[in-house]
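Read through the structure below, which is laid out as structure tokens, and then see the notes.
Being a predicted model, the structure only gives us computed values, none of them experimental. All residue numbers refer to positions in the sequence shown, counting from 1.
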Amino acid sequence: MKTAFHASLARVTYLQLPCALILTLFLCAAALAADGLLWFDQGRPTEQARQAVGILAHAEDEGLDPANYGAGRLGLAVAAADRDPVWTGEALAGLDRDLTAAMRRYLSDLHFGQVDPRLISENYSSAVRVFDADKTLEDAVRRNRLIEAVAQAAPPFPLYAELRRALAQYRRLAADTAQTPLWKTKLPPLPDKKVELGQSYEGLPMIIQRLVALGDMPAESFVSTQYSPQAAEGVMAFQERHGLEPDGVIGRQTIAALDVSPAGRVRQIELTMERLRWTPLLQAPRVIVVNVPENYLEAYEVRNGEIELKSRMRVITGTAPDNRTPIFDLEMTAIEFSPYWNVPYSIASKELVPELRTYPNRFDRQGFEFVAGGSVIREFSFASLDAVMRGEMRIRQRSGPKNAMGPIKFVMPNKDSIYLHYTASPRLFERYRRDLSHGCVRVEQPVELAKFVLSNRPEWDEARIRAAMDAGTSYTLPLTETVRVVIAYKTVKVRDDGQILFFADVYGQDRLLDRALSGSRDRVN
């Protein structure tokens with residue numbers, strides 16, 4: 001690409017060069033300025049240049065900020081060059097360089113994301129991703145395929161395209177001057193902490209108008225301060241779309257969700273689109289994705305770049321702020337049937353040891369034992385509890401119906417000792433808010449997940465999986481083909497029927513990402 005010569009020339013101080021070389025460089029630069037620019041031909045912008053400024057001006061369609069790429073300034077400059085072919089020499093070369101740099105950054109941001117996820121403690125692996133923004137841009141302009149290059153740079157996941165459409169929908173709502181006044185004031189305080197069917201509440205007219213604007217109630221809905229069955233149906237539809245228990249009761253969480261303006265939802269969608277740019281979903285033939293805000297697991301098969309959903313189930317994740325499930329990706333290497341639970345020191349010291357000092361009979365009843373080196377001690381003693389606190393012993397729980405891991409554990413080596421596993425308390429899966437664990441991920445359908453993980457091992461059918469889970473003897477089965485596990489954090493999703501779902505920012509990660517993006521924008525501007 002000849003414009004690379006301009007970039008290198010701009011960094012050279014002429015006083016450092018011999019006179020003959022200065023003359024040579026000057027003549028070359030003049031020749032390139034005349035006919036070697038990427039975006040201009042004989043002083044006028046090419047069709048590709050017009051497309052480029054149009055792409056940058058509509059960066060918000062991809063959840064990006066046009067200001068980050070100088071879209072307004074570049075658009076005016078290219079338009080001026082189109083009107084005035086007198087633009088020549090260094091002025092035109094500088095505009096060409098600026099447009100090239102803006103498009104290069106745009107393609108890179110669209111593909112890789114604008115910030116390093118590690119800045120917000122989302123520690124995804126740095127696997128090689130084959131995308132060269134410079135080469136992509138050069139090839140696209142040379143072949144007149146700039147629009148196609150932009151489409152190829154965007155994340156290839158179906159959810160990304162769905163979020164793009166959802167973003168356009170909420171942008172229209174946020175820009176609707178007839179609707180935006182509905183969110184200018186917050187809803188009034190609730191009487192007696194909640195509103196149920198038949199009760200009166202002065203904020204109900206505004207709630208109904210908001211639900212109509214959001215599409216959760218029909219346009220002809222009757223507006224009243226009395227909570228009617230029709231209004232309750234709209235509230236339940238809204239609750240279901242926002243990760244709340246659809247009980248029709250207007251409580252504190254429902255009010256908080258209703259108070260989020262369309263502009264706030266626009267930002268939420270933008271943040272989820274940013275996350276999709278650096279979430280590693282296509283780097284293995286089989287991928288398990290746990291979405292923490294949604295508390296669901298989805299298992300995918302990836303073939304020729306196409307993603308097929310194979311299984312979906314509820315999960316229980318870590319509580320905030322102290323027991324968060326880490327946001328990262330890793331490899332599942334084995335399945336442990338009838339596993340031991342090696343109690344982490346943090347849980348033993350803060351919870352289990354104090355509990356056993358007060359109720360020592362629970363040691364035997366729950367199937368615990370002490371481990372020191374290679375020795376196993378099944379007799380309870382306060383001296384052994386002291387040794388656990390000093391780090392000289394550890395506590396583990398034998399396999400059985402009361403084991404916290406349940407009858408199966410999916411092993412993913414990591415420094416945080418995070419696993420996927422079943423549980424001795426399956427009733428907790430019935431809750432709508434399921435951030436309840438110490439950090440590990442409890443899965444609702446372990447047999448279904450094991451069948452997915454072992455789908456390349458036909459000898460491990462459902463009967464054999466269940467038999468191993470019920471054996472009561474710990475057995476570890478190494479996987480012949482590892483499975484990628486991605487712990488994701490997406491607070492927006494689009495259902496197959498087109499319904500847009502929003503989830504609570506349970507760990508405050510959206511807030512951190514918003515701050516990181518604002519810092520990135522400030523550095524650019």
Original post:
Who pairs with His242 by side-chain hydrogen bond (donor to acceptor under 3.5 Å, both in side chains), at least two apart in sequence or on another chain?
Top reply: none
Subject >> For Thr480, all residues meeting side-chain hydrogen bond (donor to acceptor under 3.5 Å, both in side chains), sequence neighbours excluded >> reply: Asn456
Looking at [Y], is its backbone amide N or carbonyl O close enough to the side chain of [X] to form a donor-acceptor pair, meaning the two atoms are under 3.5 Å apart?
{"X": "Arg324", "Y": "Thr319", "value": "no"}
{"X": "Gln239", "Y": "Asp247", "value": "yes"}
{"X": "Asn323", "Y": "Gly439", "value": "no"}
{"X": "Asp435", "Y": "Ala320", "value": "no"}
{"X": "Tyr507", "Y": "Pro326", "value": "no"}
{"X": "Gln179", "Y": "Ala174", "value": "no"}
{"X": "Asn295", "Y": "Ile316", "value": "no"}

Original post:
Are Phe452 and Tyr300 an aromatic pair by the rule of ring centers under 6.0 Å?
Top reply: no
Is [X] salt-bridged to [Y], cutoff N-O under 4.0 Å?
{"X": "Arg164", "Y": "Asp61", "value": "no"}
{"X": "Glu240", "Y": "Arg495", "value": "yes"}
{"X": "Arg277", "Y": "Asp109", "value": "no"}
{"X": "Asp461", "Y": "Arg464", "value": "no"}
{"X": "Arg275", "Y": "Asp510", "value": "yes"}
{"X": "Asp139", "Y": "Lys135", "value": "yes"}

Taking side-chain contact (heavy atoms from CB on, under 4.5 Å) as the definition, give me every residue that meets it alongside [X], ordered by chain and number, with sequence neighbours left out.
{"X": "Thr482", "value": "Glu331, Thr333"}
{"X": "Ile327", "value": "Glu122, Tyr124, Val292, Ile487, Tyr489"}
{"X": "Thr180", "value": "none"}

Could you pull out all residues at least two apart from [X] that satisfy salt bridge (Lys or Arg N to Asp or Glu O under 4.0 Å)?
{"X": "Glu245", "answer": "none"}
{"X": "Arg210", "answer": "Asp259"}
{"X": "Lys310", "answer": "Glu308"}
{"X": "Asp116", "answer": "Arg118"}

Would you say [X] and [Y] make side-chain contact, with heavy atoms under 4.5 Å?
{"X": "Phe502", "Y": "Thr491", "result": "no"}
{"X": "Leu449", "Y": "Gln445", "result": "no"}
{"X": "Leu517", "Y": "Glu274", "result": "yes"}

Original post:
Do we get Arg396 above Tyr340's six-membered ring, with its NZ or CZ under 6.0 Å from the centre and within 45° of the axis?
Top reply: yes
**OP:** Kindly confirm or rule out a cation-pi arrangement of Arg442 over Phe429, judged by NZ or CZ under 6.0 Å from the six-membered ring centre and within 45° of its axis?
**Re:** no
If we ignore angles and hydrogens, is there a donor and acceptor under 3.5 Å between the side chains of [X] and [Y]?
{"X": "Arg434", "Y": "Thr317", "result": "no"}
{"X": "His438", "Y": "Glu351", "result": "yes"}
{"X": "Asn342", "Y": "Arg394", "result": "yes"}

Original post:
Tell me the side chain to side chain donor-acceptor pair (under 3.5 Å) pairs involving residues 410-428, sequence neighbours left out?
Top reply: none
Could you tell me which non-hydrogen atom of [X] sits nearest to which non-hydrogen atom of [Y], and how far apart they are?
{"X": "Phe157", "Y": "Leu276", "value": "CE1-O, 3.3 Å"}
{"X": "Arg286", "Y": "Val453", "value": "NH1-O, 2.6 Å"}
{"X": "Ser474", "Y": "Glu336", "value": "OG-OE2, 3.0 Å"}

**OP:** Any pair with a residue in residues 459-485 that passes ring-ring contact (aromatic ring centres under 6.0 Å, His included), sequence neighbours left out, goes on the list, sorted by first then second residue, please.
**Re:** Phe337-Trp460
**OP:** Just grab all the salt bridge (charged side-chain N to carboxylate O under 4.0 Å, His left out) pairs involving residues 292-306, residues at least two apart or on different chains.
**Re:**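 Salt bridge (charged side-chain N to carboxylate O under 4.0 Å, His left out) check on residues 292-306 returns Glu294-Arg312, Glu294-Lys493, Glu298-Arg312, Glu298-Lys493, Glu301-Arg303.
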Original post:
Should we say atom CG of Asn304 is surrounded by more than 12 heavy atoms from elsewhere, each under 6.0 Å from it?
Top reply: no
